[in-house]
Amino acid sequence: MSVRGAQSKDTPKYDDVAKEYDAVLVMSFGGPDKAEDVVPFLENVTRGRGIPKERLEEVGEHYYQFGGKSPINEQNLALIAALEEELAEAGLDLPVYYGNRNWHPMINDTMQQMVDDGVKRAITFFTSGFSCYSGCRQYRENIMEAQKAIEGAPEIDKIRVFYNHPGFIYPMVKNVQDALSNWEEDERDNVHIIFTAHSIPMGQARNSAYEKQLTEASRIVAEQLGTENYVLVYQSRSGPPQVPWLEPDIVDYMEEIHEKGINDVVIVPIGFISDHMEVIFDLDTEADEAAKEMGMKMVRAGTVGTAKPFVQMIRELIEERMTENPVRKALGQYDANHDVCPVDCCLPGKRPTRPPATASEQA
């Protein structure tokens with residue numbers, strides 16, 4: 001068994017053969033549902049690294065501030081409900097399954113349920129629009145591990161990364177426009193737009209198209225808005241300080257531009273598809289507090305969530321793989337991303353030796 005996509009270097013970029021599927025698998029990071037779940041959840045996130053429980057309690061403090069519950073699971077369930085409705089409206093009889101890397105429903109349990117239900121071939125959607133180890137390859141590894149552990153596990157194809165698909169870009173444009181409406185029309189050209197995404201170690205960044213894709217997605221959104229007054233920064237950095245990660249950090253950057261007299265900003269979490277923990281803590285809490293301390297007017301744009309064009313996009317990407325020689329939608333200067341991953345795609349960098357300040361939910 002395998003996730004179709006981990007192919008040789010000579011494998012074509014696209015799979016133009018029409019496929020038939022029994023089901024859709026939505027796969028995500030997972031998050032705790034209550035305070036008692038926080039440490040077990042973090043133990044799953046950091047498994048194999050020998051992190052003391054005391055340290056995990058410290059890391060969990062961000063979750064405890066919100067009652068120990070991450071919003072990611074409810075947000076994924078809402079997306080699944082919207083996708084089920086979209087598939088039904090399109091006449092696609094495809095049940096949608098939900099599996100996580102680090103919390104219930106765990107991918108192994110979901111895979112077993114798929115086997116019990118007679119699923120032979122499925123297509124999977126990862127809740128990340130950008131290519132990197134934790135946002136793509138690691139999910140493929142998780143699925144392959146589950147396939148090896150479960151007899152009769154289905155074949156699984158992967159939906160392509162969607163960073164430049166109009167169904168992702170246009171809802172982001174609308175969300176930024178909504179955020180800019182907090183200023184008078186003649187003031188909006190002076191509002192600095194700050195796109196932000198989860199930082200990753202430079203080792204991972206060098207082995208993936210993550211930075212390139214984020215740069216391009218930000219450029220396309222800004223172009224649609226008719227502005228050049230924007231920048232891409234990063235957030236949620238973790239790990240030991242001696243390991244270099246993508247920079248600049250969002251709060252560091254805000255302090256820098258404040259010193260230059262820029263005090264009107266819209267923060268756009270383009271690297272995330274829902275308002276999960278890293279959005280509500282790193283942006284709605286930490287960045288918002290920093291802005292207030294500096295006297296900046298900061299508005300955070302929404303994520304795509306369950307926006308109709310985004311849900312339609314997922315359905316279209318499923319149909320792509322069900323169609324011979326499909327038309328693959330893409331905006332900007334690059335073609336649609338591959339739907340067959342090269343064998344050396346998104347290799348990991350060196351793992352951090354201590355857990356993150358907040359467990360990554362960017363995917």
Side-chain angles (χ1 to χ4, degrees), residues 1-15 17 19 21-30 44-45 47-48 72 76 80 96-103 105-115 119-150 152-163 165 198 200-201 203-210 212-213 271 273 314 317-318 320-321 328 336-351 359-363:
M1 297 295 178
S2 65
V3 182
R4 293 177 61 88
Q7 308 297 327
S8 72
K9 293 181 180 179
D10 298 327
T11 302
K13 180 177 180 180
Y14 300 119
D15 184 354
V17 179
K19 302 294 192 302
Y21 297 110
D22 305 317
V24 177
L25 169 64
V26 172
M27 191 165 178
S28 192
F29 189 85
N44 286 338
V45 174
R47 53 187 171 266
I72 193 170
N76 284 334
I80 288 169
V96 182
Y97 292 81
Y98 176 31
N100 285 323
R101 174 183 297 158
N102 295 302
W103 201 245
M106 302 291 285
I107 182 58
N108 282 39
D109 297 332
T110 300
M111 191 79 71
Q112 184 62 62
Q113 185 63 57
M114 294 169 77
V115 171
V119 175
K120 300 298 183 184
R121 189 180 192 120
I123 186 161
T124 184
F125 170 79
F126 301 155
T127 56
S128 172
F130 301 87
S131 300
C132 65
Y133 177 70
S134 59
C136 185
R137 187 186 184 97
Q138 191 173 10
Y139 283 124
R140 292 194 283 119
E141 292 175 352
N142 297 149
I143 290 173
M144 287 187 281
E145 290 166 2
Q147 287 172 320
K148 290 177 182 177
I150 297 167
E155 292 284 345
I156 296 181
D157 292 339
K158 183 185 79 68
I159 286 174
R160 66 177 168 92
V161 167
F162 52 83
Y163 76 96
H165 193 288
H198 199 292
I200 61 173
Q204 283 192 33
R206 285 191 293 268
N207 290 331
S208 71
Y210 187 68
K212 172 185 172 181
Q213 291 172 352
I273 71 165
I314 301 174
L317 292 175
I318 293 169
E320 269 189 18
R321 302 303 297 272
R328 294 177 174 87
N337 208 61
H338 54 251
D339 45 37
V340 182
C341 298
V343 69
D344 59 349
C345 188
C346 296
L347 293 170
K350 185 177 179 181
R351 288 184 179 276
S360 170
E361 295 179 355
Q362 86 267 27

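Position 1 is the first residue of the sequence, and the numbers go up from there. Treat the numbers as computed from the prediction; the structure is a model and nothing was measured.
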Self-check item: Euclidean distance, Ile150 CD1 relative to Gln113 CD, rounded to 0.5 Å
Solution: 10.5 Å
Quiz prompt | Any side-chain heavy-atom pair of Ile159 and Val24 under 4.5 Å | solution = no
Quiz item: Which atom names give the shortest non-hydrogen contact between Ile107 and Leu25, and what distance separates them?
Solution: CD1-CD2, 3.8 Å
Quiz item: Nearest heavy-atom pair of Arg137 and Val343: which atoms, and what distance?
Solution: NH1-O, 3.1 Å
Quiz prompt | Student check: side-chain heavy atoms of Asn108 and Glu145 closer than 4.5 Å | solution = no
Quiz item: Residues in side-chain contact (heavy atoms from CB on, under 4.5 Å) with Cys345, at least two apart?
Solution: Arg140, His338, Cys341, Pro342
Practice problem: Work out which heavy atom in Val161 is nearest to a heavy atom in Gly129; give both atom names and the distance. | Solution: CG1-O, 2.7 Å
Self-check item: Sidechain-backbone polar pair: Gln147 side chain, Glu155 backbone, donor-acceptor under 3.5 Å
Solution: no
Quiz item: Does Tyr14 use its side chain to pair, donor to acceptor, with the backbone of Arg328 at less than 3.5 Å?
Solution: no
Quiz item: Got Pro154 and Val115 here, is their nearest side-chain heavy-atom distance under 4.5 Å?
Solution: yes
Exercise. May I ask you to test the Phe125-Val96 pair for a side-chain heavy-atom distance under 4.5 Å?
Key: no
Quiz item: Can you tell me if Arg47 uses its side chain to pair, donor with acceptor, with the backbone of Asn102 under 3.5 Å?
Solution: no
Quiz item: Rounded to the nearest 0.5 Å, what separation is found between the OH atom of Tyr163 and the CG atom of Asn337?
Solution: 6.0 Å
Practice problem: Give the minimum heavy-atom separation between Asn207 and Pro348, together with the two atoms involved. | Solution: ND2-O, 3.7 Å
Exercise. Would you name the heavy atoms of Tyr98 and Thr110 that are closest together and state the gap between them?
Key: O-OG1, 2.7 Å
Quiz item: Which distance, rounded to the nearest 0.5 Å, do you find between the CZ of Arg321 and the CD1 of Ile123?
Solution: 5.5 Å
Exercise. Using the test side-chain contact (heavy atoms from CB on, under 4.5 Å), find all partners of Ala122 that sit at least two apart in sequence or belong to another chain.
Key: Ala23, Met114, Val119, Ile156
Quiz prompt | Test item: Gln213 side-chain N/O and Ser131 main-chain N/O as donor-acceptor pair under 3.5 Å | solution = yes
Quiz prompt | Mutual orientation of the aromatic rings belonging to Tyr210 and Phe130 [parallel < 30°, tilted 30-60°, perpendicular > 60°] | solution = perpendicular
Exercise. May I ask you to test the Asn100-Pro105 pair for a side-chain heavy-atom distance under 4.5 Å?
Key: yes
Quiz item: What distance separates Ile143 CD1 from Met27 CE, expressed to the nearest 0.5 Å?
Solution: 5.0 Å
Quiz item: Using a distance-only test with no angle check, is there a side-chain donor-acceptor pair under 3.5 angstrom linking Asn44 and Arg101?
Solution: no
Practice problem: Side-chain contact test, heavy atoms from C-beta onward, threshold under 4.5 Å: evaluate it for Ile273 versus Phe162 and give yes or no. | Solution: yes
Quiz item: Do you know the tightest heavy-atom contact between Gln204 and Ser134?
Solution: OE1-N, 3.9 Å
Quiz item: Rounded to the nearest 0.5 Å, how far apart are OG of Ser128 and CD of Gln138?
Solution: 11.5 Å
Exercise. Check step by step if side-chain contact (heavy atoms from CB on, under 4.5 Å) holds for Leu317 and Asp339.
Key: CA-CA 10 Å; Leu317 292 175; Asp339 45 37; over 6 Å; no
Quiz item: Backbone N or O of Lys120 within a donor-acceptor pair of the Asp22 side chain at under 3.5 Å?
Solution: yes
Practice problem: Determine yes or no for a side-chain-to-main-chain donor-acceptor pair under 3.5 angstrom, with Tyr139 supplying the side chain and Phe29 the backbone. | Solution: yes
